[in-house]
Amino acid sequence: IASGTVQAYVFATGDVPPGERARIADAHEFLLRVRHALHYACGRRFDALTRVRQDEVAATLGYPDARDLMAEYYSHAEVVHAVEREMAGK
């Protein structure tokens with residue numbers, strides 16, 4: 001997950017307001033929880049959240065279904081993507 005790299009860069013440079021830092025940290029934490037749940041579901045390191053695994057990961061993390069998990073996933077992924085776009089423009 002690339003969000004760790006983005007988070008480290010943003011925190012080191014101080015180019016992002018504190019409120020954005022909190023959003024990046026939240027996104028990073030969420031994406032790591034999903035990644036760990038995925039590894040657990042697969043029984044090994046596996047970083048592709050396929051449709052086959054979405055329901056299992058959702059249940060592991062306490063979501064009612066994969067749709068709710070993926071809605072939050074994409075929300076956090078958009079935060080990371082927006083910061084990456086912003087940093088690429090500097």
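Fair warning: this is a prediction, and the values are worked out from it, not measured in the lab.
The shortest heavy-atom contact between Ala27 and His76 is CA-ND1, 3.3 Å. Heavy-atom minimum distance, Leu38 versus Phe46: CD2-O, 3.1 Å. Heavy atoms only, all atoms of each residue included: Asp47 and His39 are closest at OD1-NE2, 2.6 Å.
Under a hydrophobic clustering in which Ile, Leu, Val, Met, Phe, Trp and Tyr are joined whenever their side-chain heavy atoms come within less than 4.5 Å, directly or via other members, Val52 and Val57 fall into different clusters.
A distance-only check finds no donor-acceptor pair linking the side chain of Ser75 to the backbone of Ala71 [under 3.5 Å]. Checked by atom type and distance alone, the side chain of Arg23 never pairs as donor or acceptor with a backbone atom of Val79 at under 3.5 Å.
Proximity of Met70 to Leu49: side-chain heavy atoms (C-beta onward) are separated by under 4.5 Å at one or more points.
Between Arg85 and Glu78 there is a salt bridge, since a side-chain N of the basic residue sits under 4.0 Å from a carboxylate O of the acidic one.
Among residues two or more places apart in sequence or in another chain, the side-chain contact (heavy atoms from CB on, under 4.5 Å) test is passed with Ala77 by Tyr73. The side-chain contact (heavy atoms from CB on, under 4.5 Å) test applied to Arg67 returns Asp65, not counting sequence neighbours.
Remark: Arg53 CZ to Thr60 OG1 distance equals 10.0 Å, nearest 0.5 Å. For the atom pair CZ (Arg35) and CG (Leu32), the distance works out to 7.0 Å, reported to the nearest 0.5 Å. Taking OH of Tyr40 as the reference point, atom CG of Leu61 lies at 12.0 Å (rounded to 0.5 Å).
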